[in-house]
Amino acid sequence: MQHRDDLDSQVVIVAGASSGIGRATAIAAAAAGARVALTARNERALIELQAQIEGAGGTALAVRADLADRDAAERLMEAVIQRWGRIDALINSVGTNLARPRIDEMTPASWNEMLAANLTAAFNLTHAIVPRFRAQGGGLLIHLSSMAAKKPNLSGIAYQANKAGIVGLAHGTMEEEREYGIRTTVIFPGLTDTPLLLKRPVAPPPEMLEHALQPEDVAAACLFVLSLPPRAHVPELLIYPSRLRDAYRPN
């Protein structure tokens, strides 16, 4: 792995690193010179990814965590600081959806499951990282939301509400914490060919997937924000497939 050194040994946590956009972002950040902490619930996938990054000459640390658990988010931060002494950026790519997302198919239990996996995890990461960023004089927090937070579609009300909630969490954090050098960015990907698509009741047809974004496209957007100097702030960044008008057709 030949480092471009764009990130010059920054310490970057990638939450949701076991697959999809998170995995692609972790690989890209390591290739750009970052020391990358990988976290998700799938420990085997994390260990395999760590070995891949290290085998290519990068630096990585795998920390299994269910980030719906507040204590797990705290332990993650402590493990990274104990290893590298600081955290420069956190990328939150944690997220899931339901196989039966319509309001008439949902239950209170499935609603709570979505809240825990998406919005509570985002809050726990934010709540755990902010004191560390304050103590070191700044830091960058990137949340992956979704185009569904901008334009309602048939991805499901719980998914859309959760992804919209992340926007409020990120922007509110920025307003409260900017004086401490803390920046937040929300990235809104359009249809992206990731394992999350398997959660849909009906998979997107091949002609749609042919034009979908790839995880590496969204990873490149994350690296763009990561590479900016602390004086620059990107509140939101939208990245959509160029040839798809509607990235979620009715089932």
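Just so you know, residue 1 is the first one in the sequence shown, and it goes up from there.
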Requested in this report: Mind running side-chain contact (heavy atoms from CB on, under 4.5 Å) on Leu98 and Tyr159 for me, showing each step along the way?
Outcome: CA-CA 8 Å; Leu98 300 168; Tyr159 184 76; over 6 Å; no
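- Ionic pairing of Arg83 and Glu78 is not present here: no N-O contact between side-chain nitrogen and carboxylate oxygen is shorter than 4.0 angstrom.
- Closest heavy-atom contact between Val218 and Thr192: CG2-OG1, 4.0 Å.
- Surrounding NE2 of His233 are more than 12 heavy atoms belonging to other residues, nucleotides or ligands, all under 6.0 Å away.
- The cluster map of Ile, Leu, Val, Met, Phe, Trp and Tyr, joined by side-chain heavy atoms under 4.5 Å apart, puts Ile91 and Val234 in the same cluster.
- Both Leu228 and Leu144 belong to a single network of hydrophobic side chains, linked directly or stepwise wherever heavy atoms of I, L, V, M, F, W or Y lie under 4.5 Å apart.
- Considering every non-hydrogen atom in both Ser93 and Gly22, the closest pair reads OG-N, 3.3 Å.
- Closest approach of Glu43 to Arg64, counting heavy atoms only: CB-CD, 3.9 Å.
- Shown here for Ala15 and Thr39, the closest heavy-atom pair between the two residues is CA-CG2, 3.4 Å.
- Remark: the Gln52 side chain and the Arg23 side chain contain an N/O donor-acceptor pair separated by less than 3.5 Å.
- Counting only distance, with no hydrogens or angles, the side chain of Thr184 and the backbone of Ala170 share a donor-acceptor pair below 3.5 Å.
- Side chain to side chain, His171 and Glu236 meet the donor-acceptor criterion of an N or O pair below 3.5 Å.
- Annotation for Phe188 and Ala149: closest pair CE2-CB, 4.1 Å, computed over non-hydrogen atoms.
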Let's go through Glu207 and Arg243 carefully: what are the C-alpha distance in whole Å and the side-chain angles of both, what is the deciding distance for salt bridge (Lys or Arg N to Asp or Glu O under 4.0 Å) to 0.1 Å, and is it a yes or a no?
CA-CA 11 Å; Glu207 61 269 22; Arg243 296 187 64 181; over 6 Å; no
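- Distance alone, capped at 3.5 Å, is enough to place a donor-acceptor pair between the Arg183 side chain and the Ala232 backbone.
- The hydrophobic clustering, which links ILVMFWY residues whose side-chain heavy atoms are closer than 4.5 Å, places Leu67 and Ile47 apart.
- When the side chains of ILVMFWY residues are joined at heavy-atom separations under 4.5 Å, either directly or via intervening members, Ile53 and Ile21 end up in a single hydrophobic cluster.
- Within a 6.0 Å sphere centred on CZ of Arg102, other residues, nucleotides and ligands contribute 12 heavy atoms or fewer.
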Exercise for review: Go through the steps to decide whether Leu125 and Leu90 satisfy the test side-chain contact (heavy atoms from CB on, under 4.5 Å), and finish with yes or no.
Suggested key: CA-CA 8 Å; Leu125 284 167; Leu90 189 157; 4.0 Å; yes
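- Heavy atoms only, all atoms of each residue included: Asp88 and Arg86 are closest at OD1-NE, 2.8 Å.
- Counting only heavy atoms from C-beta outward, the side chains of Asn153 and Gln160 approach each other to under 4.5 Å.
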Query - Check against side-chain contact (heavy atoms from CB on, under 4.5 Å), Val14 and Asn92 - result: CA-CA 6 Å; Val14 180; Asn92 171 28; over 6 Å; no
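- A distance-only check finds a donor-acceptor pair linking the side chain of Arg35 to the backbone of Ser9 [under 3.5 Å].
- Looking at Pro189 and Met147, their side chains never come closer than 4.5 Å, going by heavy atoms from C-beta outward.
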>> Run Leu141 and Glu177 through side-chain contact (heavy atoms from CB on, under 4.5 Å) and show every step you take.
In response: CA-CA 11 Å; Leu141 176 55; Glu177 300 296 326; over 6 Å; no
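- Hydrophobic clustering, with ILVMFWY side chains joined whenever heavy atoms are under 4.5 angstrom apart, keeps Val94 apart from Ile166.
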